[in-house]
Amino acid sequence: MAPLRIASIGSSFAAGPSIPPCVDKAARRSGANFACLVSQRTGAHLTDLAVSGATLLNLTTDPQDCDGHVFPPQIDGLPADADVVLVLGGGNDIGYIGGLFEDTLQASWLGALVMQVRGTGGAPLAQSQAPLDVAGLAARYAGVLDAVHAKAPRARVLVVEYLTMLGAHTRPGKDVAFGRERVEHHKAVCARLLAATAKAVEGREDWCHIVSAGAASEDHAIGAPEPWVSGFSWKLFYAGGAYHPRAEGMKAVAEMVYKKMVELGIVKEGEL
């Protein structure tokens with residue numbers, strides 16, 4: 001039997017910046033992200049196209065310039081014979097992680113200076129004019145899913161949610177540099193992202209399924225006893241891993257993806 005063919009498209013929460021080993025420096029893509037871990041577990045052939053900083057438009061229509069290295073739209077590299085396509089995106093379209101960086105850097109004079117020079121480390125900020133609401137983001141995400149289905153019509157498309165960054169354990173002003181009001185703001189942005197993701201899948205359930213990482217990671221956010229994501233440090237900021245999944249988070253998401261594949265009958269439990 002031919003090995004399963006898995007493809008992965010998405011942003012940094014799929015790519016895994018700063019998690020060793022780095023297999024593509026320009027994309028800030030790890031060889032231990034959840035797509036890699038699932039592929040290793042199932043013996044699948046993986047086409048990993050995820051690029052840190054990608055928006056949904058970078059998945060289907062717009063090239064992405066990463067410090068002079070231009071990546072074509074990720075769908076261009078999507079194999080038409082893929083059995084499974086993993087999709088994770090939308091956060092950069094509404095400045096989710098970029099907003100966390102902005103509030104953190106603006107909390108100190110050093111951070112404000114660094115932001116003037118380096119920006120938010122590659123995480124896009126929300127559009128100041130006409131930001132996407134749930135319906136707008138869902139429509140953009142649905143367009144990605146439809147494009148994936150058109151390119152790889154027999155693939156099961158698994159839409160992976162972002163891991164929760166700010167949860168019940170996160171202490172404003174301690175675990176993060178900003179106060180409770182901004183914590184609630186960022187939680188609302190996350191809720192908008194999750195709502196849009198769910199809405200994008202509606203009507204496509206015959207071939208498209210959500211991997212519910214958001215709620216599952218609520219007790220593993222910044223400040224939790226066993227975090228799946230990293231908070232802010234200057235070392236992680238320069239490495240690209242601040243406010244991103246830790247290795248433990250990637251392992252947890254890989255387990256969720258694997259269980260979804262078993263549930264859908266794509267693989268059998270323990271099958272290699």
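For clarity, every value in this text was computed on a predicted model and none was experimentally measured.
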Taking all non-hydrogen atoms of both residues, which atom of Ala216 and which atom of Met256 are closest, and how far apart? CB-CE, 3.8 Å

All pairs passing ring pair (Phe, Tyr, Trp, His ring centres under 6.0 Å) where residues 56-92 contributes a residue, at least two apart: His69-Phe71

Which one of Phe178, Tyr243, Tyr96 satisfies the ring-ring contact (aromatic ring centres under 6.0 Å, His included) criterion with His186? Phe178

Using 4.0 Å as the upper bound for N to carboxylate O, is an ion pair formed by Glu263 and Lys260? yes

Suppose the criterion is ring pair (Phe, Tyr, Trp, His ring centres under 6.0 Å): which pairs have a residue in residues 19-40, not counting sequence neighbours? none

Once rounded to the nearest 0.5 Å, what's the spacing between atom CG of Leu100 and atom CG of Leu166? 5.5 Å

Distance col, row Lys251:NZ vs Leu37:CG, nearest 0.5 angstrom, shows 8.0 Å

Please check if Val87 and Val134 belong to a single hydrophobic cluster, counting links between Ile, Leu, Val, Met, Phe, Trp and Tyr side chain heavy atoms closer than 4.5 Å. no

Shortest non-hydrogen pair, Leu236 vs Ser230, comes out as CD1-CB, 3.7 Å

Run the side chain to side chain contact (heavy atoms under 4.5 Å, CB included) check on Leu158 and Leu264 step by step: do they pass? CA-CA 10 Å; Leu158 304 186; Leu264 294 171; 3.7 Å; yes

Keeping Asp65 on the side-chain end and Val70 on the backbone end, is there a donor-acceptor pair under 3.5 Å? no

What pairs with Arg192 under salt bridge (Lys or Arg N to Asp or Glu O under 4.0 Å), at least two apart in sequence or on another chain? none

4.5 Å side-chain heavy-atom contact, Ile6 and Thr42: yes

Which pairs with one or both residues in residues 227-241 pass salt bridge (Lys or Arg N to Asp or Glu O under 4.0 Å), sequence neighbours excluded? none

Ala200 to Leu145 - nearest heavy-atom pair and separation: O-CD1, 3.7 Å

Please check: side-chain N/O of Ser30 versus main-chain N/O of Pro17, any donor-acceptor pairing under 3.5 Å? no

Under the criterion side-chain contact (heavy atoms from CB on, under 4.5 Å), which of Val211, Val84, Val262 is the partner of Val257? Val211

Test of understanding: clusters of I, L, V, M, F, W, Y form through side-chain heavy atoms closer than 4.5 Å, transitively. Do Val85 and Val201 belong to the same one? yes

Hey, could you give me the CG/CG distance between Leu86 and Leu49, rounded to the nearest 0.5 Å? 11.0 Å

Which is it for Tyr258 and Val267 under the side chain to side chain contact (heavy atoms under 4.5 Å, CB included) test, yes or no, and what are the steps along the way? CA-CA 8 Å; Tyr258 178 76; Val267 297; 4.0 Å; yes

Rounded to the nearest 0.5 Å, the OG1 atom of Thr170 sits from the CD atom of Glu218 at a distance of 8.0 Å

What residues, two or more places apart in sequence or in another chain, satisfy side chain to side chain contact (heavy atoms under 4.5 Å, CB included) together with Pro172? Arg180, Val183

Taking Asn58 for the side chain and Pro63 for the main chain, is one N or O donor matched with an acceptor at less than 3.5 Å? yes

Flag the pair Met261 / Leu4 as yes when at least one side-chain heavy-atom distance between them is below 4.5 Å, and no otherwise. yes

Quick one: ring pair (Phe, Tyr, Trp, His ring centres under 6.0 Å) pairs with a partner in residues 135-168, sequence neighbours left out? Phe13-Tyr162, His149-Trp207

Where do His244 and Ser12 come nearest, in terms of heavy atoms and distance? NE2-OG, 2.7 Å

Check salt bridge (Lys or Arg N to Asp or Glu O under 4.0 Å) between Asp146 and all other residues, then give those that pass, not counting sequence neighbours. Arg204

From Ile19 atom CD1 to Cys36 atom SG, the distance as rounded to the nearest 0.5 Å: 10.0 Å

Verify the cluster assignment for Ile97 and Val160: are they in a single hydrophobic cluster under the rule of side-chain heavy atoms below 4.5 Å apart? yes

Among all residues two or more places apart in sequence or in another chain, which pass the side chain to side chain contact (heavy atoms under 4.5 Å, CB included) test with Thr60? Ile75, Val144, Ala147

Can you name the side chain to side chain contact (heavy atoms under 4.5 Å, CB included) partners of Ala224, sequence neighbours left out? His169

Donor-acceptor pair, side chain of Asn33 and main chain of Ala15, under 3.5 angstrom: yes

Check the pair Thr55, Ser11 against side chain to side chain contact (heavy atoms under 4.5 Å, CB included), reporting the backbone distance first and the verdict last. CA-CA 7 Å; Thr55 67; Ser11 64; over 6 Å; no

Using the rule given for side chain to side chain contact (heavy atoms under 4.5 Å, CB included), can you reason through Leu137 versus Leu193, listing the C-alpha separation, both sets of side-chain angles and the distance that settles it, and then say yes or no? CA-CA 8 Å; Leu137 183 60; Leu193 173 60; 4.0 Å; yes

Side chain to side chain contact (heavy atoms under 4.5 Å, CB included) involving Asp133 - partner list, sequence neighbours excluded: Ala135

Just jot down the ring-ring contact (aromatic ring centres under 6.0 Å, His included) partners of His209, sequence neighbours excluded, or say none. none

Nearest 0.5 Å please: distance from the CZ atom of Arg154 over to the CG atom of Asp81. 6.0 Å

For the CD atom on Glu181, are there more than 12 heavy atoms of other groups (residues, nucleotides or ligands in this structure) within a distance under 6.0 Å? no

For the side chain of Arg29 and the backbone of Ala50, is there at least one donor-acceptor N/O pair under 3.5 Å apart? yes

Under 3.5 Å donor-acceptor, Ser39 side chain and Leu46 backbone: no

If you look at every heavy atom in Ala152 and Pro79, which pair is closest and at what distance? CB-O, 3.7 Å

Hydrophobic clusters here meaning ILVMFWY residues chained together by side-chain heavy-atom distances under 4.5 Å, can you tell me if Leu132 and Leu88 are in one? yes

Glu161 side chain to Ile210 backbone, donor-acceptor under 3.5 Å: no

Heavy-atom nearest pair, Arg246 first then Val229, reads CD-O, 3.2 Å

Has Ser217 got a side-chain atom pairing as donor or acceptor with His220's backbone, closer than 3.5 angstrom? no

Count I, L, V, M, F, W, Y as connected when their side-chain heavy atoms are under 4.5 Å apart, and connections chain through other members. Are Leu57 and Ile94 then in the same cluster? no

Salt bridge (Lys or Arg N to Asp or Glu O under 4.0 Å) pairs touching residues 193-203, sequence neighbours excluded, are none

Test item: Glu226 side-chain N/O and Asp219 main-chain N/O as donor-acceptor pair under 3.5 Å: no

